[in-house]
Amino acid sequence: MTGRPAHLRATAAAYDAVAVRYAELFRDALDPLPLDRAVLAAFAELARTADAGPVAELGCGPGPVTAHLRGLGLDAFGVDVSPVMIGLARAAFPGLRFEVGSMDDLHIEDGGLGGIVSWYSVIHVPPRELPSYLAEFRRVLAPGGHLLLAFFESEGGPVAPFDHKVATAYRWPIDALAELASAAGFAEVGRMLREPREEERFRRGHLLMRAAAREAGEGGTSA
């Protein structure tokens, strides 16, 4: 992690410290969430239909969502900034591919992915830096590839930090996040807002986007 921004080093260290407990708590987190599973299923169907390449879960943690995506028929792999999380994911799902890496600097060729899932991982990105992350997502997605963002929604308020139990995190207005993604070259396919369950604090937002075709002369830079 030498040379990485301070917030990335802090996030990696924080998740390394809680990785084992986190993996225990969230192993079956999707089981009681039919709407969340429905969004993932819709993403998977679109990605399979487009057939534009493999799918990366960026910020995969200990791997259960990556495994869920594989169960939905996708060629899915996971990337996470926390080495301890990646070790746990490899141990729990030995048939899947997991790599240590950062969402802002992916070692993936331009247009090399058919889909990206960011399941509550962009929440840790400082708001001023999020456009560069979305630009990196667009760089590695093939035209027509799909992006699914899951995040804590601000329920009418502005972008704001909150007391996340692991690392500094931010709640986003769904319209503002959709506008940022649009500016990065994504077209909105659909959105889902889910009210918090009894044990949850905040509304959950989900944005399903499609990578628009690049304009003539526009290109990316490989990491």
Side-chain angles (χ1 to χ4, degrees), residues 11-48 54-101 103 113-125 146-153 155 162-172 174 190-208:
T11 299
Y15 274 98
D16 279 348
V18 301
V20 173
R21 180 59 175 154
Y22 185 99
E24 293 172 351
L25 288 174
F26 291 98
R27 180 181 297 113
D28 303 313
L30 287 173
D31 288 356
L33 303 175
L35 292 178
D36 299 52
R37 296 197 308 275
V39 170
L40 288 164
F43 167 85
E45 183 173 344
L46 289 167
R48 289 196 308 270
V55 169
E57 188 201 354
L58 303 181
C60 65
V65 173
T66 305
H68 186 79
L69 293 169
R70 179 62 67 90
L72 292 172
L74 297 178
D75 178 13
F77 67 98
V79 178
D80 199 278
V81 74
S82 163
V84 179
M85 285 288 195
I86 289 297
L88 292 172
R90 289 170 175 166
F93 307 104
L96 300 185
R97 170 184 159 203
F98 294 97
E99 301 174 355
V100 177
M103 297 185 293
L113 295 178
I116 289 174
V117 172
S118 171
W119 199 253
Y120 300 98
S121 54
V122 296
I123 64 170
H124 295 299
V125 179
H146 288 81
L147 167 66
L148 175 59
L149 300 173
F151 56 99
F152 296 101
E153 212 274 332
E155 302 178 45
F162 70 94
D163 57 337
H164 190 277
K165 293 181 179 180
V166 180
T168 300
Y170 301 86
R171 299 170 67 191
W172 276 86
I174 193 166
R191 59 177 65 187
M192 190 269 280
L193 286 171
R194 177 173 67 74
E195 295 302 315
R197 292 160 51 88
E198 183 177 349
E199 70 277 11
E200 297 172 338
R201 291 188 290 168
F202 305 127
R203 179 188 291 169
R204 309 303 176 99
H206 306 78
L207 279 171
L208 183 55

Item to complete: Give the ring-plane orientation class for Phe202 versus Phe162, where under 30° counts as parallel, over 60° as perpendicular and anything between as tilted.
Response: perpendicular
Of the non-hydrogen atoms in [X] and [Y], which two are nearest, and what is the gap between them?
X      : Y      : result
Thr168 : His124 : O-ND1, 2.9 Å
Glu200 : Pro196 : OE1-CA, 3.5 Å
Ala91  : Pro94  : O-CD, 3.7 Å
Ala150 : Trp119 : CB-CE3, 3.4 Å
Val100 : Val81  : CG1-O, 4.2 Å

Could you list the donor-acceptor pairs under 3.5 angstrom formed by side chains in residues 35-46, with sequence neighbours left out?
residue: Asp36; atom: OD1; partner: Arg194; partner atom: NE; Å: 2.7
residue: Arg37; atom: NH1; partner: Leu30; partner atom: O; Å: 2.9
residue: Arg37; atom: NH1; partner: Asp31; partner atom: O; Å: 2.7

Nearest-0.5 Å distance, [atom1] of residue [X] to [atom2] of residue [Y]:
X      : Y      : atom1 : atom2 : value
Leu88  : Ser82  : CG    : OG    : 8.0 Å
Phe152 : Tyr170 : CZ    : OH    : 14.5 Å
Leu147 : Leu113 : CG    : CG    : 11.0 Å
Ser121 : Met103 : OG    : CE    : 4.0 Å

Are the side chain of [X] and the backbone N or O of [Y] linked by a donor-acceptor pair below 3.5 Å?
X      : Y      : answer
Thr66  : Glu57  : no
Glu153 : Arg203 : no
Asp80  : Cys60  : yes
His206 : Leu148 : no

Discussion item. As a quick check of understanding, evaluate side chain to side chain contact (heavy atoms under 4.5 Å, CB included) for Ile116 and His146, giving each step before the final call.
Written reply: CA-CA 6 Å; Ile116 289 174; His146 288 81; over 6 Å; no
Discussion item. Tell me whether the NZ or CZ atom of Arg204 lies within the 45° cone about the ring axis of Tyr120 and under 6.0 Å from its centre.
Written reply: yes
Item to complete: Check the pair Ile174 / Leu193 against side chain to side chain contact (heavy atoms under 4.5 Å, CB included), numbers first and verdict last.
Response: CA-CA 9 Å; Ile174 193 166; Leu193 286 171; 3.9 Å; yes
For residues 67-79, tabulate all N or O donor-acceptor pairs below 3.5 Å that involve a side-chain atom, not counting sequence neighbours.
residue: Arg70; atom: NE; partner: Leu74; partner atom: O; Å: 3.2
residue: Arg70; atom: NH2; partner: Ala76; partner atom: O; Å: 3.0

Item to complete: Evaluate the side-chain proximity of Pro62 to Phe26: yes if any heavy-atom separation is below 4.5 Å, no if none is.
Response: no
Practice prompt. Before giving the answer on side chain to side chain contact (heavy atoms under 4.5 Å, CB included), spell out for Phe98 and Met85 the whole-Å C-alpha distance, their side-chain angles and the decisive distance to 0.1 Å.
Written response: CA-CA 10 Å; Phe98 294 97; Met85 285 288 195; over 6 Å; no
Discussion item. Would you say that more than 12 heavy atoms from the other residues, nucleotides or ligands in this model lie under 6.0 Å from the CD of Glu198, or not?
Written reply: no
